[in-house]
Every structure is written in C-alpha cells, then in structure tokens.
Amino acid sequence: MNESILVLDFGSQTAQLIVRRIRELGVYSELLPHDVAERDALARAPRGIVLSGGPASVYAAGAPALPGWLPDAGLPVLGICYGMQLQAHALGGAVEGLQHREFGPATLHVDGASALFADTPDEQLVWMSHGDHIARLPAGFVTLARSPGAPHAAAGDEHRRWYGMQFHPEVRHTAHGDTILRNFIYRICGCAGGWRAEHVVDDAIARVRAQIGPRHAICGLSGGVDSAVAALLVHRAIGDRLTCVFVDNGLLRRGEAQQVVETFREHLRVPLVVVDAAARFLDALAGVTDPEQKRVIIGEHFIRVFEREARRLIADDERPFLVQGTLYPDVIESRAPDRQRGVTIKTHHNVGGLPADMQLSLVEPLRYLFKDEVRAAGSLLGLPDAWVWRHPFPGPGLAVRVLGAITVGRLETLRAADAIFLEELHAAGLYRATQQAFAVLLPVRSVGVMGDGRTYGETLALRAVTTDDFMTADWARLPPELLARVSSRIVNEVPAVNRVVYDISSKPPATIEWE
C-alpha cells in the first residue's frame, strides 16, 4: 500500500460510507478508531485524514476528542459534521447547540473559489444531520460555504490544509458529494489513485492466512452471497483445511438447502456438511415475538451447532476457527465491540447476538466491506452469477420476516408467498433492478371476501428496495401491473392470506428488513 486516506470513526452511521466512497474514487481507505495511536495510523501511509460524524456533542462530558498527535502530523484533514465541530472546538473556535436540528436536504451556497468545491456549482443540494453548529471559526479558518441553518456550513484553513463541513458528502442525497471528496483526496491530499477491487481479495486472503496459520476452520454457510464469498476466500487461503457447515434451521426460503448443496458440493467442490437442526431452532423460538430476542436466540443456537460440528470435525483443536460472512452494515447497525461510539439500530445475530462464552475464534474476511465490494470479490473468485447477484437474506432467516410468533404454518405461508414474489420479479426481468425484495408476514389479520364468504386472514407485505450501499435505500417503483399480478397470485395460491400491501418506506427512517 503506497497511499491511503484514513477515516477516524466517531460513531456515525455513515462512517463506513466515507471509506466506500474513497475506495470508489480509486484510493485505499480504512476506518480506524478515533483514538488510534499515531504509530498505528502513520504505518498505513496516509495522505490525508477524514474525521467522521457522530452522535455526541463536543462540549458534553466524555465526548470523543481529537487525537493529540493529529495537529502536528502535517496531514490534510477533512472534518464531517461532528468532525468539523471537533476541529473548531479543539483549535479555539466555538460550537453551540441549535434550537432546532438541521436534518435532511439543504441548499448550500459556496462563497468564492476553493480547492474543496472546485468543479461544483455555487448553489447545490446537500444533506444535513446535526444538532450543533459552528458559532465561531478557529484562527486561520475562513467560511467556504453556508446554508440557511449553518452560517459556516463549510470552512477551511487552506495553508494548513484543514477543512470541515456540516453536511455529509458521503451520502447520495448530497448532489456533488463525490466531486467534493475527489477534490479532497486528489487536489488537496495529492493522491495518485489506482486502487482496485482486486486488492480486496488479495488483502483478505493474506489476512486469513496470517490469522489461521496451519490450523483448520469451519465456515457457517447461510445460502447468501456474503457467507458464500467468505467461504471461497478462506478456501482460497487454506484449501481443504476449511469445511463449510450449512445449518438447516427451518427458517430458510423455499429450495434453499438444495441450492447450497448443489453449488458448493457439485460446482465449487468445497467440502460441505449439512446439519438438520430445524426442530432445535423452532422449539427455542416457540412463543417468542420480540425481534431482538429472536436474533439472540438464533445467534446462540447457530454457535452451539457450529461448536458441536467443530469438535467433531476438528477434534484436536482447542479453539477452532469459525468463518462468518459478516459485512460492515451489520457491524454498524449492531454496534459491535470495535465500534463502541455507534448506536445500536438492531442486533445482527452474527455480530451483537453472539454468546459471551463462545468456544470458537471468529474469522470475518468481509467485515469491513460493503455488498458491492463483496459481489466484485465473488466474481473474481468464480462464484456463479446467480449467486453473486442474489438478494441478501438475513442470517436469522424467515424468523425476522414472520412478525410476531413463529409457527410451522406461518413459515410455510411466508415461504409460498415469497417464492411467488421472487418468481414474478424474475419473469418481469426486474430482479436485478432491485437490490433486495421479499415478503413479510404481519401479525395482523383482516376481513376479506372470497367466494361470497367472509374471511379473516393473514396480511402480507411486499418489500423491494433500490440501493447501492445498503446503508441508505429507497423503495422500488415496481410496475403496478406486476404488483397486481403478485397480489392476485398470492391471495389465490396461498390459502391463509387475504390481503397484500406494498411497503413504500425509505431507509432512513425505516430499515430494509422489518425486524
């Protein structure tokens, strides 16, 4: 690695998006804790530093501080939202709370020429999300842009090459965010570029080899692209010292187990063990309605099954390795131990839902990657296109798509309806046009009329979204005739359902999954 842009993490839900955008622009980037030691940061050959946003206020007790080594490091710095406020606070400016938060779209007015805003218009749409603002700039800083709610929406000390902005250039809602980030990394930091997705694969294989060494590992296959790519990466690194374990927990989509076996045993020739644990999982989930409790139960039972299989398959290893396909959005939403400044949105069973007494050492080669990077890695590793472009499927499976109590009958109802929805999306040529689509069985019954008689049946929601990073998403504008066809088929072919609705919520404020 000859150059990098480091992002210091102050707990923003979009901190890793900054990393992703910089990688897309051709420069390696990595997310590090806000209190990273100078030696560890400088060892990564940074050409610049980005300070992420975060939920804290700089004047609050215990708020994360600017690293003491940073002002004297001689590196360009870009502060985003909390990062800008932290710059001002640490360098002698003043930060104050706003009476009303500035959240959502805002019009930015650029004041004069600046390297940061080169090739962008004087008036542009940006995305704000802050409750504090800069009341007074530090010495040496000048205002570069303003908005109705922020008189210093962007500022900079061009001699020092320190810049800050109250808005978020990393989100797609900021119209010229990529250009602003490009200006920072190329015009201000002087990066040469040239980093490519292939480096993700090479770096991950090298890390796995170093972590596992001569020992053995098992990989928990879920049927999704994430665990499949993780398995192929580790198999490339350690060969047949990896055994994949696919657990049929009774919460799978229709035909899932058969597809996994055919792909891994027959096409990819990766060692695979299939475990039928449906009864175990369904018994443990009986009567459970709280989604967080579902995730914790499922996470623990997965681990116990993997521990048992590891003892059987790797009998001479006191603490075997378990490979998981954890991605960074999972880490962000779960507030994993390496992101203590984050806020928990929901616990992912393979991050926050792991039991404290787990007897396996985790290997997570995809932990700091986004879905598009994982798909690129899968293609490079030879994963079939049908798998590379599969829509995500949550680790807890249909347990978090059957809202309320889980029963065998409700699971079968959801499987049948979900299969119809996906079948019609494929038939219409729209599966790839959406990034995630699925059905959700609601804990709601409603009155209907079928065959001149009254029904009181289940309500089913359809969800389809478009997104390029899974951190933000918009509802897919599917053709009305397609939705009508799907609804008609479901109420006619799935006996328990008499009402179908379509979810038109974006993320945020909703999440993609309902639970």
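- You'll find the side chain of Leu327 stays beyond 4.5 Å of the side chain of Arg367, heavy atoms only.
- A donor-acceptor contact shorter than 3.5 Å is absent between the side chain of His152 and the backbone of His133.
- No donor-acceptor pair closer than 3.5 Å links the side chain of Arg236 to the backbone N or O of Ala231.
- Looking at Leu17 and Val171, their side chains come closer than 4.5 Å, going by heavy atoms from C-beta outward.
- For Thr14 and Glu170, the side-chain atoms include at least one donor-acceptor pair closer than 3.5 Å.
- Under the side chain to side chain contact (heavy atoms under 4.5 Å, CB included) test applied with Leu51, the options Leu78, Ile18, Asp9, Leu66 reduce to a single match, Leu66.
- Two residues are said to be in side-chain contact when any heavy atoms from C-beta on lie closer than 4.5 Å; Phe321 and Leu360 fail this criterion.
- Between the side chain of Trp69 and the main chain of Val36, a donor-acceptor pair closer than 3.5 Å is present.
- Between the Arg23 side chain and the Ser29 main chain, a donor and an acceptor come within less than 3.5 Å of each other.
- When side chains are defined from C-beta on, Val126 does not count as touching Thr107, because their heavy atoms never get closer than 4.5 Å.
- Within the 4.5 Å cutoff, the side chain of Pro46 has heavy atoms near those of the Leu75 side chain.
- Inspection of the Arg319 and Ser361 side chains reveals an N or O donor paired with an N or O acceptor under 3.5 Å.
- Remark: the backbone N or O of Arg196 is paired with a side-chain donor or acceptor of His199 at under 3.5 angstrom.
- With Phe438 as the aromatic partner, Arg401 meets the cation-pi criteria of under 6.0 angstrom to the ring centre and within 45 degrees of the ring axis.
- Side chains of Ser57 and Asp132: a donor on one and an acceptor on the other come within 3.5 Å.
- Screening residues 155-165 for side chain to side chain donor-acceptor pair (under 3.5 Å), with sequence neighbours left out, gives Ser114-Glu158.
- Heavy-atom minimum distance, Ile5 versus Cys189: CD1-SG, 3.9 Å.
- Judged purely by atom type and a 3.5 angstrom limit, Ser222 uses its side chain to pair as donor or acceptor with the backbone of Gly224.
- With ring centers used as reference points, His176 lies 6.0 Å or more from Phe117.
- Contact detail for Leu251 and Ala399: the closest heavy-atom pair is CD1-CB, 3.9 Å.
- Remark: the backbone N or O of Phe10 is not paired with any side-chain donor or acceptor of His34 at under 3.5 angstrom.
- A perpendicular orientation is assigned to the rings of Tyr502 and Trp475, their planes being inclined by more than 60° (bins at 30° and 60°).
- Gln435 and Thr466 share no side-chain donor-acceptor pair at under 3.5 Å.
- Leu462 and Ala439 get closest at one heavy-atom pair: CD2-CB, 4.2 Å.
- Within the 4.5 Å cutoff, no side-chain heavy atoms of Ser12 are placed close to those of Tyr82.
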